[in-house]
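What follows is a single structure, written as structure tokens, with notes after it.
Both ligands and their constituent atoms are indexed starting at 1 by order of listing.
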Amino acid sequence: MSSKLRLGVNIDHVATIRNARGGVHPDPVDAAKLAVKAGANGVTAHLREDRRHISDKDIERLCEEVDKPLNFEFAATDEMLKIAIGHLPHAACIVPERREERTTEGGLNVVNGYDRLKPYVDALNNSGIRVSLFIEPDPIQIDGAKALGAPVIELHTGAYCDAKGSYREFELARIVAAAAHANDIGLECHAGHGLTFETVANVAVIPTIAELNIGHFLVGEAIFIGLEASIRSMRKLMDQVRPA
Ligand code: PXP
């Protein structure tokens with residue numbers, strides 16, 4: 001705990017822009033390489049069931065062409081498990097997925113979903129892929145992730161980022177407590193969703209968080225200042241509160 005905070009850059013929305021015209025530009029794999037140059041410690045990509053942004057080919061190329069760890073996000077389905085085991089990425093993050101949602105709206109319910117998720121967590125563990133479960137900052141869910149045998153959790157920071165004033169402080173306190181609890185029971189703790197230049201420092205400063213995964217804001221900000229500058233600025237804000 002409290003070592004240098006890792007940054008995983010999520011390049012899904014580079015693919016969203018590419019797919020708006022159905023061509024090859026902008027290339028999410030080129031964006032991943034630029035992210036590494038700008039200080040990302042890894043790249044995150046979510047292969048959705050409906051392939052709305054990242055494609056199967058993107059996952060294949062990210063594994064082959066990017067020399068930093070890939071954190072492969074997907075929903076717990078047999079199709080996705082087969083793809084993960086076929087590529088053996090460094091890490092897999094299991095997320096909830098609903099076709100009609102615009103983005104991953106909340107965390108997995110790993111307590112109610114124990115029986116459904118257990119075979120996926122076991123198969124990934126047995127393949128040597130580091131498994132994380134994307135959950136709400138709730139101690140019951142954290143204990144549920146531990147019971148499932150996942151070595152890592154990722155806390156959903158969306159409620160904190162969306163909240164205003166004292167509600168935001170309340171949501172931040174939940175993240176602080178959740179990250180401490182995860183550390184106490186031996187889980188590595190990551191966090192992400194909705195983080196921006198404005199919201200990142202309060203999360204980055206939490207010493208029991210090892211990694212942040214950030215995407216939409218970085219790609220949006222790239223429109224104004226460029227992708228490399230947007231990632232470098234985010235990295236700087238993280239480093240200011242968590243020097244190595
Ligand atoms: N972490 C996980 C598990 C995600 O699913 C996502 C994308 O929804 C992110 C982090 C990054 O979120 P954002 O794109 O809002 O930065």
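- A salt bridge links Arg18 with Asp58; the closest basic N to acidic carboxylate O contact falls under 4.0 Å.
- When only interatomic distances are considered, the shortest N/O to N/O separation between His216 and ligand 1 falls below 3.5 Å.
- Of all the atoms in ligand 1, the ones that sit under 4.0 Å from a non-hydrogen atom of Val95 are 3 (C).
- By the 4.0 Å N-to-carboxylate-O rule, Glu65 lies too far from Lys57 to be salt-bridged with it.
- Residues Arg235 and Asp239 are paired through a salt bridge, judged by an N-O separation under 4.0 Å between the basic side chain and the carboxylate.
- Taking atom 1 (N) of ligand 1 as the reference point, the nearest protein heavy-atom neighbour is Glu154 OE2, 2.5 Å.
- Taking every non-hydrogen atom of Gly194 and a distance limit under 4.0 Å, the qualifying atoms of ligand 1 come out as 12 (O), 13 (P), 15 (O), 16 (O).
- Looking at Leu155 and Glu136, their side chains never come closer than 4.5 Å, going by heavy atoms from C-beta outward.
- Proximity to Asn10 (heavy-atom distance under 4.0 Å) selects the following atoms of ligand 1: 6 (C), 7 (C).
- Short contacts between ligand 1 and Gly215, defined as distances under 4.0 Å to a heavy atom of the residue, involve ligand atoms 13 (P), 14 (O), 16 (O).
- Contacts of Asn213 with ligand 1, taken as heavy-atom pairs under 4.0 Å, involve both backbone and side chain.
- Ligand 1 has at least one atom lying under 4.0 Å from a heavy atom of Phe134.
- Ligand 1 places these atoms under 4.0 Å from at least one heavy atom of Ile214: 16 (O).
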Walk me through it: do Asp56 and Arg51 pass the test side-chain contact (heavy atoms from CB on, under 4.5 Å)? CA-CA 8 Å; Asp56 297 66; Arg51 310 301 198 268; 2.6 Å; yes
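- The CD1 atom of Ile153 sits 7.5 Å away from the CD1 atom of Ile185 when rounded to the nearest 0.5 Å.
- Ranking protein heavy atoms by distance to atom 12 (O) of ligand 1, first place goes to His193 CA, 3.3 Å.
- Classification of the His156-Phe134 ring pair by plane angle, with boundaries at 30° and 60°, yields parallel.
- Contacts of His156 with ligand 1, taken as heavy-atom pairs under 4.0 Å, are absent altogether.
- Considering only non-hydrogen protein atoms, atom 2 (C) of ligand 1 sits nearest to Glu73 OE2, 3.0 Å.
- Between the side chain of Thr196 and the backbone N or O of Glu198 there is at least one donor-acceptor pair closer than 3.5 Å.
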